[in-house]
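The block underneath contains the structure these notes are about, expressed in structure tokens.
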Amino acid sequence: MNLSIRTKLNLWYTSLLFVSLIAFGAVFSYSLLKIFIYRMDTQISSVANMMVHTIIRPSGEIFLPRDFDIILGRFFGVRTAGNFIQVLDPHGEIVARSSNLEDFRLPLTKGTYHAAIGGATTYEVVRNVGRYPARVVTKPIMLGDKGLVMIVQVGSSLEGMDEIFHSMAYILVSGIFASVLVAAAVGSFLAKKALKPVATITEAARRIKVENLNERIPAAGPQDEIGRLTATMNEMIERLEKSFKQIRQFTADASHELKTPLTILKGEMEIALRTKGDTAYMREVLASSLEEIDRMSYIVRSLLDLAKMDVEKGATAREKVSLDRVLAERHDQLKRRALDSGIQLDIIENEPLVITGDLVRISQLVFNLIDNAIKYTPGGGKVELSLKAEGGNAVLSVRDTGVGIACEDLPYIFDRFYRVDKVRTRDVHGAGLGLSICKEIVLAHGGAIEVESEPGKGSRFIVSFPLAGDRGLGRQAFA
Ligand SMILES: Nc1ncnc2c1ncn2[C@@H]1O[C@H](COP(=O)(O)OP(=O)(O)OP(=O)(O)O)[C@@H](O)[C@H]1O
Ligand SMILES: [Mg+2]
């Protein structure tokens, strides 16, 4: 059954209230009954004792008073009507009784009679004396060697108590029902009031769609559970808005980056078509077109790599990778290009270190960092590579004496399609994807990447990975 929280709350606490009131009523009535009976037993027991002392004279003689009503009057005052005395012989036959018993007799059950023979006093409730039940004490009179000589029974009608208990039960039951009804009504109202903000939040949350992610749930009221829920939901919407903005920006950037080489390609081809017979020019156009195609295929490849890593979410291949070997291979691969650009590319330290991960991705990371260092270092500069172990991590450093990165650009260089100087990097064929791929690779391997840079003097990219077999904690720093 799909009950609302309000109904469930209401049902729970009204049931709880009902059960507690019933329990209270039962305990209360039972205690009251016990007190009544105790008081009554004390009273009838005093009369019975008095009777025993009246019947047995100090001399040991037996004397039966004729009028019990005087004795009754002495104990019960004017209300003698519901109080009875009955005296029986040792065989259980009535020998005398108070006049108000008329034709009735106080019953003497077998059990009570046997108890009396044994000298025991019995208290019980009997039913067939008049309209109301009565509390009766049966007390034996034992006399030395004679044993049981008389049995005294004193009874008191429970008429008053019966009435009190009936009225009390009536008051209790109607009181309990009235309280539960009032509590249910008030509770329902209070629950509705307390849950009203939830309805408002639900309504507001329903209104928020991709198109109006800039809207927020109105946070009225104190910072209670509801207030905190509203704040948390607003934070979530803010994060969603940010993600959507990033995705939109990314799509726009990607389209733009692909559109530019396509436009250039188209333009060059159109001119080439109109130009007749110039083979040298045609070759030039083809070479330039090939360059643009290379550029486009680089972007598409990079985007695919990023998309793949987004899907994998860190679930990279876990093989042993000799980082020193990767560094040496990339150094050999790029040394020629560095020399062509007039840059000295050196490995100044290369400790043999093994990490766990994906060889292809690690090679890509090292390539991207050295590639950047060469790209952004003017001729005559230096690029130094080093690899060493430091506190359970393999630390790779790529230092250059290049153009450096301004402080305000540092936080963004790992963002997709971010380039510091768009015009200049267009000349050196940068799409702004290399470092974002590096960041994803580092994160997927539980490592960290940092950058230190001074414009005009150079930059240093430091990557650290936990060494294989050493479960060092991953750090993350995008300085
Ligand atoms: N070693 C460096 N020295 C100076 N600037 C750098 C260095 N490395 C990166 N940058 C700056 O950070 C930007 C982002 O680098 P990233 O590698 O992501 O893109 P890219 O090199 O321009 O293009 P891609 O790597 O996709 O070919 C670069 O455009 C460049 O401005
Ligand atoms: Mg790059």
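Just so you know, ligand 1 is whichever comes first in the structure, and atom 1 is the first atom listed for that ligand.
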Problem set entry | ligand 1 to S436 polar contact by distance, N or O atoms, under 3.5 Å | no

Problem set entry | salt_bridge(K242, E238) N-O dist < 4.0 Å | no

Exercise. How does S459 reach ligand 1, if at all, at less than 4.0 Å between non-hydrogen atoms: by side chain, backbone, both, or neither?
Worked result: side chain

Seminar exercise, completed: So the atoms of ligand 1 within less than 4.0 Å of a heavy atom of V420 turn out to be 11 (C), 29 (O), 31 (O)

Problem set entry | Qualifying side chain to side chain donor-acceptor pair (under 3.5 Å) pairs with a residue from residues 189-201, counting only residues at least two apart or across chains | none

Exercise. Would E440 and R416 pass as an ion pair if we require N to O under 4.0 Å?
Worked result: yes

For this session: Would you indicate which of K439, K375, R399 comes nearest to atom 27 (O) of ligand 1 when only heavy atoms are counted?
Result: K375

Problem set entry | E235 bridged to R228 by N-O distance under 4.0 Å | no

Exercise. Any N or O of Y376 that comes nearer than 3.5 Å to an N or O of ligand 1?
Worked result: yes

Problem set entry | Residue portion contacting ligand 1 (non-hydrogen atoms closer than 4.0 Å) for D400 | side chain

Exercise. For ligand 1, which atoms have a heavy atom of A431 less than 4.0 angstrom away?
Worked result: 23 (O), 24 (P), 26 (O), 27 (O)

Exercise. Under 4.0 Å from ligand 1, counting heavy atoms only, is it the side chain of Y418, its backbone, both or neither?
Worked result: backbone

Exercise. Who gets closest to atom 23 (O) of ligand 1 by heavy atom: S302, S453, G432, G402?
Worked result: G432

For this session: Check if G404 has a non-hydrogen atom at a distance under 4.0 Å from any atom of ligand 1.
Result: yes

Exercise. Does the N or O separation between F461 and ligand 1 drop below 3.5 Å for any pair?
Worked result: no

Exercise. Which residues and atoms, counting only protein N, O or S, are under 2.8 Å from the Mg ion (ligand 2)?
Worked result: N372 OD1

Problem set entry | Non-neighbouring partners of M233 that pass side chain to side chain contact (heavy atoms under 4.5 Å, CB included), sequence neighbours left out | I201, A205, I217, L229

Exercise. Minimum heavy-atom separation for A431 to I299, with atom names?
Worked result: CB-CG1, 4.0 Å

Exercise. Is the backbone of G458 close enough, under 3.5 Å, to the side chain of S453 for a donor and an acceptor to pair up by distance?
Worked result: yes

Exercise. Got a salt bridge between E257 and R295, using NZ or NE/NH1/NH2 to carboxylate O under 4.0 Å?
Worked result: yes

Exercise. Is it true that Y298 lies under 4.0 Å from ligand 1, counting heavy atoms only?
Worked result: yes

Problem set entry | Heteroatom distance test (R419, ligand 1): nitrogen or oxygen, under 3.5 angstrom | no

Exercise. Is it true that D41 and R135 have a side-chain N and a carboxylate O under 4.0 angstrom from each other?
Worked result: yes

For this session: Examine distances only and state if a side-chain atom of N393 and a backbone atom of V395 form a donor-acceptor pair shorter than 3.5 Å.
Result: no

Problem set entry | Crowding at OH, Y281 (>12 non-hydrogen neighbours, <6.0 Å) | yes

For this session: Can you tell me which residue pairs pass the salt bridge (Lys or Arg N to Asp or Glu O under 4.0 Å) test with a partner in residues 331-341, sequence neighbours excluded?
Result: R336-D340, R337-D371

For this session: Decide whether an N or O pair under 3.5 Å exists between V403 and ligand 1.
Result: no

Exercise. Does atom CD1 of I5 have more than 12 heavy-atom neighbours from other groups under 6.0 Å away?
Worked result: no

Problem set entry | Proximal candidate to atom 9 (C) of ligand 1 [heavy atom criterion; set D371, I299, N372, I437] | N372

Exercise. Do any N/O atoms on I405 end up under 3.5 angstrom from N/O atoms on ligand 1?
Worked result: no

Problem set entry | Neighbour count above 12 (heavy atom, 6.0 Å) for Y132 OH | yes

